[in-house]
K.L.:
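Mind looking over this structure? Questions follow.
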Amino acid sequence: MKTIRPLLLLLLMFLTVRAMAAPGDVTWTGKLLPADARPGEGAQIVLTAQIEGDYHLYSLTKRDSGPTVTTLELQSTPTLTAAGPGIQPPPHTELDPGFHINVESYTGGVAFALPVTLKAGLTGAQKAVVKVRYQVCRQGTCLLPKTVEVPVAFTPAAGASRSDHLAAVTAIPPQPSFATTVASAAPDAVPGGASTGNPAPPTTAKPTDETINSIQSAKKNGLFSFVLLSLGAGFLALLTPCVFPMVPITVSFFAKRKEQSNSHGVRDALAYCLGIVGTFTGLGLVMTLLFGATGIQKLAASPFVNLGLALLFLVLAANLLGAFEIIVPAGLTNAAQGGTAKGGVLGPLLMGLTFTLTSFTCTVAFVGTLLATAAQGSLFYPVVGMLAFSTAFASPFFLLALFPQYLSKLPRAGSWMVSVKAFMGFLEIAAALKFLSNADLVWSWGVFTRPVFLALWAMLGVIAGLYLLGGLRLPHDGATKYGWPRRALGVLTIIGGLYCLAAIEGAPFGAFNAFVPPSPYPGKSVASNGSASEGVTFLHDYAQALAQAKAQNRPLFVNFTGYTCTNCRQMEQTIFPRPEVRKELDNYIRVELYTDNGTPENERNKDLEQKLTGVVTLPVYVVVSPDGQPLRVSQGSTFDAAKFASFLRGTGG
């Protein structure tokens, strides 16, 4: 070990010296434009970088990881005052295989701009200094980051400041002739990259999508037609991925209640469904009226709500696995199971609320459109529509709530019902991990990444499978016969767990991709070969994407998505990578905008979504022209890749 350390130190020194000596330096020059700017007027410092060889310089766009981005900082001076963030032309964007993130760069050269205001009273020659920090890389090699001070000499024009020259100059500056990745910008070009907001929304009429058209048409045809549409939308919503986890949770919850009381099965099932209908309608409308069209979405995406749901499912899982009295106090046991030994309606009603919150996490298109209407002051149709929608949505769960009651009446149900409930306990732990992951994504902890999440699911699958095969026993298990159905399910469960490990290495995961965290992890550099959408890259700044679309005269595809949106994951991980969809996406400049974690950036994205589309549902996809006008809108998820490809082509969807 003592011999190896000096060798490693020498190797590190050699690589450092080699990197520092490698060609690829950047020559910086600075000037003030316009040249006739007077004291008190707005101007901009134009910083031109000439990049040697085949190296590339990174853009001004901030990110949490990866190579060093370029930063511009006006040093303290009595001559100029900074008037805004740095401005850049549209960069070249590509996936960096080393960092596993999209990077923005320039080759040959580039001109950045820093808006400034000349201070009053200046006369004669002046000087300012801008500190620039940057890094250049090429294929397989990155030089160490550098910091340089670029002098800017200028002489203000004589005369009083002009009223039409007081505003900050925010245009993209003319680009040098040696720049190879950007084109010269027009004087009124849209600033990109380092912008702090979105361009002004379009002023023309917004396009409507299939959902909005169907609602408007149903209203014209009368109340009965609208109710039928609402019922149909409720039944269709049962096919969305975010509903699936509630199936085993419903069965396991009512199986435990059946163990406590042999009566009131129909009453409890009705209370459960009324809880879904009442909270879906009441909570949705109240939150919308109090906090706007995005109110219920904010509640459902709250990390605290998701942590509460995770805790609830872990409590119920511990109860089903027979360890409840050891893990939680008895008072919480009663609250979770209905309040009394005889069984009350409080438990089913609270589970209805739980169901509602898990469903609102990925609000379906119909509900989002109705809530946007309610936010504008119209209540009759939203109330009727929400009641009809939620009634259809809840109806199959009435039968699921009754299922344990009838299952227990089968011959010899007692022994294997214990095993069924224990197996459901493992499924509830898997669901709890999903809600923990939601909170992790919103807070950007980076703990529950895709590989970690899949590894935990794999462990649960193997443990549950071993339990079914008799390899593991719980304290409350009695004498049990292991028939072939139980053994077959045990083997399939273990295979499913092991397949989760294969999914980490890139094996297709199908519809289950909707429940696992996205890869790469949003805002972080997280390597994973298991991303079903690998290669479908996105920008993450609307202003920058729109500027790039305008520069290249290409349409813009906007993916409004969410950290906690299960239906969004289903689209991004299973539909976007499909060949027919990928082919159409390649025709667009693509931008992905998160809307649900409450940060200023997400709030701006949410406002932009509502201005472009008139709705706040997730997911929403918008096709925008190079001049910023929305052309087509599609709400919600679909399993039909051909239909979504048709939407992208503009021939349907």
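Values in this document were obtained by computation on a predicted structure and should not be read as measured data.
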K.L.:
Taking 4.0 angstrom as the limit, do Arg569 and Glu572 come out as a salt bridge?
P.N.:
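Salt bridge present between Arg569 and Glu572.
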K.L.:
Please work out which of the three classes, parallel, tilted or perpendicular, describes the rings of Phe112 and Tyr106, given edges at 30° and 60°.
P.N.:
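Tyr106 and Phe112: perpendicular rings.
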K.L.:
Give a yes or no on whether the backbone of Leu585 and the side-chain of Arg590 come within a donor-acceptor separation of less than 3.5 Å.
P.N.:
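Checking the backbone N and O of Leu585 against the side chain of Arg590, a donor-acceptor pair under 3.5 Å is found.
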K.L.:
So, using side chain to side chain contact (heavy atoms under 4.5 Å, CB included) as the criterion, who are the partners of Asn553 when residues are at least two apart?
P.N.:
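Applying side chain to side chain contact (heavy atoms under 4.5 Å, CB included) to Asn553 gives Pro626.
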K.L.:
Check the angle between the aromatic planes of Phe538 and Phe557 and answer parallel, tilted or perpendicular using the 30° and 60° thresholds.
P.N.:
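The arrangement is tilted - the two ring planes meet at 30° to 60°.
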K.L.:
Is the distance between the ring centroids of Tyr563 and Tyr594 under 6.0 Å?
P.N.:
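They qualify: ring centres under 6.0 Å apart.
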K.L.:
Ignoring hydrogens and angles, tell me if any N or O in the side chain of Gln175 forms a donor-acceptor pair with the backbone of Pro173 under 3.5 Å.
P.N.:
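Answer holds: yes.
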K.L.:
Below 6.0 angstrom between ring centroids: does that apply to Trp445 and Tyr521?
P.N.:
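No, the ring centres sit 6.0 Å or more apart.
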K.L.:
Please confirm whether the backbone N or O of Ser161 pairs with a side-chain atom of Glu41, one donor and one acceptor, at under 3.5 Å?
P.N.:
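Flag not set: sc Glu41 to bb Ser161 has no pair under 3.5 Å.
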K.L.:
Would you indicate whether the side-chain heavy atoms of Phe647 and Tyr621 approach each other to under 4.5 Å?
P.N.:
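Tyr621 vs Phe647: side chains touch.
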K.L.:
Run the numbers on Glu149 and Lys131 for salt bridge (Lys or Arg N to Asp or Glu O under 4.0 Å), then give the verdict.
P.N.:
CA-CA 4 Å; Glu149 292 188 343; Lys131 184 166 71 173; over 6 Å; no
K.L.:
Decide, yes or no, whether a salt bridge links Lys611 with Asp607 under the criterion of side-chain N to carboxylate O below 4.0 Å.
P.N.:
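No, Lys611 and Asp607 are not salt-bridged.
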K.L.:
Is the shortest side-chain N to carboxylate O distance from Arg604 to Glu601 below 4.0 Å?
P.N.:
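No.
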